[in-house]
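Convention: sequence-line order gives letters A, B, ...; per-chain numbering from 1. Heavy-atom basis, side chains included; hydrogens, waters and symmetry copies ignored. Everything quoted here is computed from the prediction, not taken from an experiment.
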Protein chains: 2
Amino acid sequence: MIPPSSSPLHPLIRKLESIATLTDDEKQAVTSLPARSRTLEPRQEIVRDGDRPSQCCLLVEGWLYRSKTLGDGKRQILALHVPGDMPDLHSLHLPVLDHTLATLTRAIVAFIPHENMHELVTAHPGIAAALWRDTLIDAAIFREWITGLGRRDARARIAHLFCEMYVKLHAVGLAADQCCEFPLTQAEMSDALGLSTVHVNRTVQELRAEQLISWSGRSLQILDWTGLVAAGEFDPTYLHVQKRAAS
Amino acid sequence: MIPPSSSPLHPLIRKLESIATLTDDEKQAVTSLPARSRTLEPRQEIVRDGDRPSQCCLLVEGWLYRSKTLGDGKRQILALHVPGDMPDLHSLHLPVLDHTLATLTRAIVAFIPHENMHELVTAHPGIAAALWRDTLIDAAIFREWITGLGRRDARARIAHLFCEMYVKLHAVGLAADQCCEFPLTQAEMSDALGLSTVHVNRTVQELRAEQLISWSGRSLQILDWTGLVAAGEFDPTYLHVQKRAAS
DNA sequence: CGGACAATTGATCTACCTCAAAATTGGTGG
DNA sequence: CCACCAATTTTGAGGTAGATCAATTGTCCG
């Protein structure tokens, strides 16, 4: 019943299984969703602040981010997304977007019409609950970011972000052995953490000097998980991961 | 079919009508929810970080807040709640709480067992959608707070918060003529905005000197809405208010 | 009237910002 | 395979919004 990993819907199944338990029937229903796949280049907008999308976006491969831009051009990154995420699932119930969704890396995304999503959740309350749960986890991550931006210093914020992304990737089988992708530039990282690029640079060097991480190019290695967790005061409870997905 | 305003469930109906359209049948179903009301004193915890609540809390009167506390005792307020809100609705799908819910003022809250909420959303998909939508608006507010904490200065953050609470209260009929309750202390405000109390104090005085607001005790008057909106770069889109509720 | 809490003020300090330039890196075409 | 370009990362040198510490002054109640 599990679709071949070549199906663009496989990452969604994997993701849903990391946060809920699905029956075979439900898996089947997800698999038969009509999805139109596209490959997008890095740093390309998918849907923009103010848009009224008529479809949802499922990230199959690569990373996406969501952001708001202020009047003076300052930008705040609100969330980072990895394969399996549906970053604009909320558009199902909030017709007008209040922020922009874009690619960070080259990415494969699958578009599913709202209509079909509505049918899916109507016919399968279990899936509706799982998707609702997913949006609630999203909100829990927002709360953690609020806490970091409001009350943590630069070092803790950066360490915390590394921990968070490692756990998120691990939950969907995309990280192991303390290694994972981390394809942000320091400028993007500063927009996510409410810092300047200069300060991010200096603080990342600090973490490297402390032998907590090794990060170059797009690959991150966590050298001292315990130390990094302590530096970021990281407690994964808020991610509400149910279990590690089979790859 | 509308319950008398003395019913503890009236604020919930009013709130849901401010974000969605309910049929009489759905209103009836909400009204017949079993709710146990209690009056709580100011600054009293309702559910704590780590708890596994078995009921949801509906705020009938007064203000609540949600917060996280860090290791060193620093506190971040994550959200402010006004009558009609169900601040821990997410516990329906995320069993363990990742933050604390407490009263800001003396408050009346009604508790509804998860069991009955589950029955309600199973029997009434329209209500399920409205509640889901409500949690999504919650998340949209979190995103706006992230933006403020990350990229706005103290003056803009404070102005923005005044605007946000005025609009939220207005949507449920609890504000008019540029006047509303604002029962936070400056210390609580600083915990919400990621600032120190001293700096909040000085910046509020600035806004008063600019004749944008008048705020003393628990009552706020907005003297210059346009000016305050400009100071906070406030755009209410993210609140996704559908229409003003009848009081 | 007194006590507790909240608001206000003053003085000093610092984490982080801004501006600007230099050094690296990775990708590309010849 | 190398030279070159553009995008990143890194370094240096000030500057500042906002923090911290420590009183002092309201203000609201019982």
Per A/V198 side chain, nearest of listed nucleotides C/dT9, D/dA19, C/dA20: C/dA20

Between B/L184 and A/D153, the residue closer to the 5' end of DNA chain C by nearest nucleotide is B/L184

B/K74 side chain: which of D/dT9, C/dT18, D/dT20 is closest? D/dT20

So what does A/R208 hit on the nucleic acid, given a heavy-atom distance under 4.0 Å: a base, only sugar-phosphate, or nothing? sugar-phosphate

A/F142 and B/H99: aromatic ring centres closer than 6.0 Å? no

Taking B/S91 for its side chain and B/L94 for its backbone only, find out whether a donor-acceptor pair lies under 3.5 Å. no

A/R218/A/E181 salt bridge by N-O under 4.0 Å criterion: no

Students often get this wrong, so: under 4.0 angstrom with heavy atoms, is B/T185 touching a base, only sugar-phosphate, or nothing? sugar-phosphate

Please state whether the base of C/dG10 and the side chain of B/R202 form at least one donor-acceptor pair under 3.5 Å? yes

As a test of reading the structure: which of D/dT10, D/dA19, C/dT8 is closest to the side chain of A/N201, going by heavy atoms? D/dT10

Of the listed nucleotides C/dC17, D/dG18, D/dT10, the one nearest the side chain of A/Q205: D/dT10

Under 4.0 angstrom, heavy atoms only, what part of the nucleic acid is B/R152 near: base, sugar-phosphate, or nothing? nothing

